[in-house]
2 protein chains.
Amino acid sequence: MWHSYRMERKPNILIVEDEKEIAKFIDLELQAENYETVVTFDGVTGLSKFRELNPDLVILDLMLPVLDGLEVARRIRKTSNTPIIILTAKDSVDEKVTGLDSGADDYLVKPFSIEELLARVRAHLRRVNPAVTGEVRVADLVMNLDGREVFRDGRRIELSAKEFELLELFARNPGKVFNRFEIEEKVWPEYTGGSNVVDVYVGYLRRKLEGEGERRLIHTVRGVGYVLREE
Amino acid sequence: MWHSYRMERKPNILIVEDEKEIAKFIDLELQAENYETVVTFDGVTGLSKFRELNPDLVILDLMLPVLDGLEVARRIRKTSNTPIIILTAKDSVDEKVTGLDSGADDYLVKPFSIEELLARVRAHLRRVNPAVTGEVRVADLVMNLDGREVFRDGRRIELSAKEFELLELFARNPGKVFNRFEIEEKVWPEYTGGSNVVDVYVGYLRRKLEGEGERRLIHTVRGVGYVLREE
DNA sequence: TGATGCCTATGCACGTTCTCATCAGCACAT
DNA sequence: ATGTGCTGATGAGAACGTGCATAGGCATCA
């Protein structure tokens, strides 16, 4: 069911860290910030938990039993772009560079400040998970999902319910081309097609979003459907 | 090495830094890594350059004349989600937290290692590109299947639906020779031949893909059919 | 009852698809 | 080489379909 995605769940964070006290410490702090957490103590378990849970973010130590942290990062990156924050005692520039180039998004050196870690977690989640801020951002478009507000380039735009749902679908999948069938299925469920609702609503959105001489947001892909692209 | 079709062009980086020697230094290093750069020395100019250029990433000092760096970050975030790396001498935890919570994606303290900065730039740029799952690359041709986009040598190519399907067939099987019957079967099913549609469409593709003096992509195998080969 | 939102229906404009006829060029035999 | 026959390339244009704007009907809500 499409509408379930507005259900605001707690962001899920996977911690892979073999020093048990540190793991416990981070775990508690994250829970206090209202995140859902899972802790594992070695690379292999970490990787399998990752695949099982598909968390919103991973905090990863480098010196791990069984499977090295860098390798964990690389394997995760093979199939996912979930943010990875490396948290380690290895503080040389070379190690930082290798860590980041292995697919990590951030690299924090122990001993670290928990406040900084939390701020970095927020920064990464903000980008990935609208649940955190309730916001989706694409190009110069900002959608506030809780408040059902839409801004383009700072100016507020009034949308009806359906218009908002349609735009939300596009905004959550920028760059993906949807055909009319997919769109109807998601925005107009319990609905037997046979009309051009989609076209009409795309028209409504364009009229409201694209002021005089403004960049086009929703592009037509003739013979296929529509995309939201920044261009 | 860019990991996405969108990065076929040089990524554009805006540097906002008032210490001229540092700015120059970063600028040169980034250019050596094949980025396009623009340098500004105060907050207001930085912001207006940002709006003018819409860069792929911003490197931002905090202590700036005219308009404070934090304020610049906040204003950028109002309308955009371009990655921002704060680069500053302010090294307290509080300042880091404030910086990250103001919308920055990363926070690096001076004196910094240029290698680390470059690695972080790479990490952020990598992440900005929407993970393009269905991406096919052959020679200097990039097809984004989700987005139904085609690029050759960085420049975007507009294809009609049928043209795209035909090219997709070739691109998924580079080096394989297809005869006309196979092609009709896959791209024109429910279709009883008797014409030279295939030839015509190959012609269309060639016209669009192969600019003046450019390498040939779709080769004719006389008496048999066509192949996509890099040569 | 007036305003707003949701959806259907219609007609026009234009891009796309495909056919057909003709032209170009390669391959092979002489 | 040269001609001959055949294959592939290309241009023109007809038929078709898609997308878009617009208008109107119906329901809901104030």
Side-chain angles (χ1 to χ4, degrees), chain A residues 2-3 148-150 156-170 177-212 214 216-229, chain B residues 148-150 156-170 177-212 214 216-229:
Chain A
W2 175 246
H3 300 288
R148 300 216 128 216
E149 288 179 314
V150 178
R156 189 206 168 89
I157 305 207
E158 296 290 343
L159 295 186
S160 79
K162 279 288 171 202
E163 290 164 358
F164 190 91
E165 283 182 65
L166 178 58
L167 181 58
E168 185 175 348
L169 173 65
F170 284 125
V177 176
F178 290 95
N179 61 44
R180 290 179 173 67
F181 180 73
E182 293 176 291
I183 298 177
E184 282 197 4
E185 214 174 31
K186 295 188 164 136
V187 182
W188 285 267
E190 350 259 336
Y191 177 74
T192 52
S195 87
N196 61 342
V197 225
V198 176
D199 303 50
V200 173
Y201 273 79
V202 166
Y204 291 162
L205 279 182
R206 293 217 256 237
R207 189 165 356 178
K208 292 189 176 181
L209 291 176
E210 298 164 5
E212 270 325 299
E214 220 160 356
R216 168 144 284 205
L217 275 181
I218 301 177
H219 299 258
T220 307
V221 182
R222 189 163 242 267
V224 188
Y226 298 96
V227 216
L228 176 60
R229 256 201 294 255
Chain B
R148 293 195 89 91
E149 291 178 304
V150 178
R156 187 205 177 85
I157 309 220
E158 297 288 345
L159 296 185
S160 79
K162 279 287 171 210
E163 291 163 357
F164 190 91
E165 282 182 66
L166 178 58
L167 182 59
E168 183 177 349
L169 175 65
F170 284 125
V177 178
F178 290 95
N179 62 44
R180 290 180 173 68
F181 180 73
E182 292 176 291
I183 297 176
E184 282 197 3
E185 215 174 29
K186 304 219 157 99
V187 183
W188 284 267
E190 350 259 335
Y191 177 74
T192 53
S195 87
N196 63 342
V197 226
V198 176
D199 302 49
V200 173
Y201 273 80
V202 166
Y204 291 162
L205 279 182
R206 293 217 256 237
R207 183 155 19 170
K208 292 190 177 181
L209 292 176
E210 299 164 4
E212 271 324 299
E214 222 161 355
R216 168 144 286 206
L217 275 181
I218 302 175
H219 300 260
T220 307
V221 182
R222 187 160 250 266
V224 189
Y226 299 95
V227 217
L228 175 60
R229 248 202 299 262

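Lettering follows sequence order; numbering is per chain, from 1.
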Legend entry - dA9(D) OP1/OP2 closer than 4.0 Å to side-chain N/O of Arg206(B): yes

Inset, instruction - Start with the C-alpha gap between Leu166(A) and Ile183(A), add the side-chain angles, then the distance that decides, and say whether side-chain contact (heavy atoms from CB on, under 4.5 Å) holds. - result: CA-CA 8 Å; Leu166(A) 178 58; Ile183(A) 298 177; 3.6 Å; yes

Inset, instruction - Verify, without hydrogens or angle tests, whether Thr220(A) (side chain) and Arg222(A) (backbone) share a donor-acceptor contact under 3.5 angstrom. - result: no

Legend entry - Among Trp188(A), Tyr226(A), Phe170(A), ring-ring contact (aromatic ring centres under 6.0 Å, His included) partner for Tyr201(A): Trp188(A)

Inset, instruction - For the pair Glu184(B) (side chain) and Phe181(B) (backbone), establish whether a donor and an acceptor sit closer than 3.5 Å, ignoring hydrogens and angles. - result: no

Inset, instruction - Would you kindly give the NZ-to-P distance between Lys162(B) and dC16(D), to the nearest whole Å? - result: 17 Å

Legend entry - Under-4.0 Å side-chain N/O to phosphate OP1/OP2 contact, Arg180(A) with dG19(D): yes

Inset, instruction - Return the value, rounded to whole Å, for the distance between atom NZ of Lys208(B) and atom P of dT16(C). - result: 6 Å

Inset, instruction - Examine dC6(C): is either OP1 or OP2 under 4.0 Å from a nitrogen or oxygen in the side chain of Ser160(A)? Give yes or no. - result: yes

Inset, instruction - Report the distance from atom CD of Glu158(B) to atom C1' of dC14(C), rounded to the nearest whole Å. - result: 16 Å

Inset, instruction - Assess whether one donor atom and one acceptor atom, taken from the side chain of Tyr204(A) and the base of dC7(C), lie less than 3.5 Å apart. - result: yes

Legend entry - Under 4.0 Å protein heavy-atom contacts per nucleotide of nucleotides 20-30 of chain C, with B for base, S for backbone only and - for none: BB---BBS---

Legend entry - Atom-pair distance (CG on Asp199(A); C1' on dA13(C)), nearest Å: 15 Å

Inset, instruction - Considering only NZ, NE, NH1 and NH2 on the basic side and carboxylate oxygens on the acidic side, decide whether Lys186(A) and Glu165(A) come within less than 4.0 Å. - result: no

Legend entry - Distance below 4.0 Å between Tyr201(A) side-chain N/O and dG19(D) OP1 or OP2: no

Inset, instruction - Starting from P on dG19(D), measure out to CZ on Arg216(A) and report it in whole angstrom. - result: 13 Å

Inset, instruction - Can you tell me the distance, in whole Å, between the CD atom of Glu165(B) and the P atom of dC18(C)? - result: 9 Å

Legend entry - Glu210(B) bridged to Arg216(B) by N-O distance under 4.0 Å: yes

Inset, instruction - Establish, with yes or no, whether the OP1 or OP2 oxygen of dC20(D) is under 4.0 angstrom from a side-chain nitrogen or oxygen of Thr220(A). - result: yes

Inset, instruction - Send over the distance from Arg207(A) CZ to dT4(C) P, rounded to a whole Å. - result: 14 Å

Inset, instruction - Measure the CZ-CZ distance between Arg229(A) and Arg148(B) for me, rounded to the nearest 0.5 Å. - result: 11.0 Å

Inset, instruction - Could you tell me the separation between the CD atom of Glu184(A) and the P atom of dG19(D), rounded to a whole number of Å? - result: 12 Å

Legend entry - Residue-phosphate contact under 4.0 Å: Trp188(B) side-chain N/O, dC18(C) OP1/OP2: yes

